[in-house]
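Sequence lines set the chain letters: A, B, ... in the order given, protein chains first and strands last, and positions in each chain run from 1.
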Amino acid sequence: MNPELERVLSLPALQAAPLLVGASLSVRGVGGRLVEVEAYDDMDPASHCYGGPRGRNLPMFLPGGHIYVYRSYGVHWCMNLVTGEQGKGEAVLLRGLEPTQGIPEMRSRRGDLPDQALARGPGNLTKALGVTDADNWLRLGGDIVLTLNCPLAKVVVARRIGLTVAIDEPRRFFEAGSKSVTHPSRI
DNA sequence: AGGATGATCATCT
DNA sequence: GATGATCATCCTG
């Protein structure tokens, strides 16, 4: 993994998240540009790692560069990039991606949708990319590759979606104007 | 544009 | 037994 990416992934989630908007993610040859992410850490009562390491949250306490996948509402997989130092408990939820690679394969998994909708939303993103709990605990660099791009000029920080606590915390980062962002008007 | 609903299961109490 | 870091669909205005 290149040194700059290594550095970004060693940052706290709140600092790493905006730098990951615009980065390229590829999962077994299928991927695109990340356009929406959300930071979670041990100070956040909505985070799985709140209260310390136990059960399903253990991957969040690995060093930055690992993958944390969990089941949401019994129906969807959600994928996180672990950031920060080992033992801290931080991760960035991947919420939206603009497809650039393997679009026919995404369409076969998601149905006949416009490109922009294939990986919009955390559950749809994992489905389009073929990510499941088999990818939990993995480290970037094998099946899953992340490449930083030039920092984007227009990264918006917004409130969050679908939570019952700490919903107004500004922890959701997205690219202004992208059509692969959920609730773009909810700032 | 926004509110209500049900699907479905790993994890937690 | 209850709870969601969601989504598609159906409604209302």
Quiz item: Base, sugar-phosphate, or nothing for A:R160, non-hydrogen atoms under 4.0 angstrom?
Solution: nothing

Quiz prompt | Nearest-angstrom distance from the residue atom CZ of A:R54 to C1' of B:dC12 | solution = 9 Å

Quiz item: Out of C:dT6, B:dA10, B:dT11, which nucleotide sits closest to the side chain of A:R71?
Solution: B:dA10

Quiz item: Rounded to the nearest Å, what distance is computed from the OH atom of residue A:Y70 to the C1' atom of nucleotide B:dT8?
Solution: 15 Å

Self-check item: A:N2 side chain to A:E4 backbone, donor-acceptor under 3.5 Å
Solution: yes

Quiz item: Tell me: NE2 of A:H76 to C1' of B:dG6, nearest whole Å?
Solution: 12 Å

Exercise. Name the residue closer to the 5' end of DNA chain C, choosing between A:L163 and A:R110 according to the nucleotide with the nearest heavy atom.
Key: A:L163

Quiz prompt | A:R110 (side chain) donor-acceptor with A:A117 (main chain) under 3.5 angstrom | solution = yes

Quiz item: Hey, does A:L93 reach any base, or is it just sugar-phosphate, or nothing, if we go heavy atoms under 4.0 Å?
Solution: base

Self-check item: Pair A:E38 + A:R95, salt bridge at N-O below 4.0 Å
Solution: yes

Quiz item: Taking only residues at least two apart or on different chains, which pairs with a member in residues 143-187 of chain A satisfy ring-ring contact (aromatic ring centres under 6.0 Å, His included)?
Solution: none

Exercise. Return the stacking result for B:dA7 and A:Y73: yes when the ring centres lie under 5.5 Å apart and the planes under 30°, no otherwise.
Key: no

Self-check item: Distance, C1' atom - from C:dA8 to B:dA10, rounded to whole angstrom
Solution: 22 Å

Practice problem: Check whether the side chains of A:S178 and A:E98 place a donor and an acceptor atom closer than 3.5 Å, and report yes or no. | Solution: yes

Exercise. Kindly point out which of B:dT11, C:dT6, B:dT8 is positioned nearest to the side chain of A:R56?
Key: B:dT11

Exercise. Describe the nucleic acid contact of A:M79 in one word from base, sugar-phosphate, nothing, applying a heavy-atom distance below 4.0 Å.
Key: nothing

Exercise. Name all pairs fulfilling the side chain to side chain donor-acceptor pair (under 3.5 Å) condition that reach into residues 64-75 of chain A, sequence neighbours left out, sorted by first residue then second.
Key: A:H48-A:Y68

Quiz prompt | Dot-bracket pairing map - DNA chain C, Watson-Crick plus G-U, both contacts under 3.5 Å, | cross-strand | solution = ||||.|||||||.

Practice problem: Measure the distance from CD on A:E36 to C1' on C:dA5 and round it to the nearest whole Å. | Solution: 12 Å

Practice problem: Look at A:K179 together with A:D115 and state whether they make a salt bridge at an N to O cut-off of under 4.0 Å. | Solution: no

Self-check item: Proximity to DNA chain C (any heavy atom under 4.0 Å), residues of residues 171-187 of chain A only
Solution: none

Quiz item: Just wondering, do A:E36 and A:R120 contact through their side chains at under 4.5 Å, heavy atoms?
Solution: no

Quiz item: In whole Å, what is the span from the CZ atom of A:R120 to the C1' atom of C:dT6?
Solution: 14 Å

Self-check item: Protein-nucleotide distance (A:E90, atom CD; C:dA5, atom P), rounded to Å
Solution: 18 Å

Self-check item: Residues from residues 123-140 of chain A lying under 4.0 Å of DNA chain C - heavy atoms
Solution: A:G123, A:N124

Quiz item: Given C:dA5, is OP1 or OP2 found less than 4.0 Å from the side-chain N or O atoms of A:H48?
Solution: yes

Exercise. Let me know the distance between OH of A:Y40 and C1' of C:dG4, rounded to the nearest Å.
Key: 11 Å

Quiz item: How would you list all residue pairs meeting side chain to side chain donor-acceptor pair (under 3.5 Å) that involve residues 143-153 of chain A, not counting sequence neighbours?
Solution: A:S24-A:N149, A:R28-A:D143

Quiz item: Less than 4.0 Å between a side-chain N and a carboxylate O, is that true for A:R160 and A:D168?
Solution: no

Quiz item: If you measure from the Lys or Arg side-chain nitrogens to the Asp or Glu carboxylate oxygens, is any gap between A:K88 and A:D41 under 4.0 Å?
Solution: no

Exercise. Round to a whole Å and report the spacing from CH2 of A:W77 to C1' of B:dA10.
Key: 8 Å

Exercise. Check the surroundings of atom CD in A:E85: do more than 12 heavy atoms from other residues, nucleotides or ligands lie under 6.0 Å from it?
Key: no

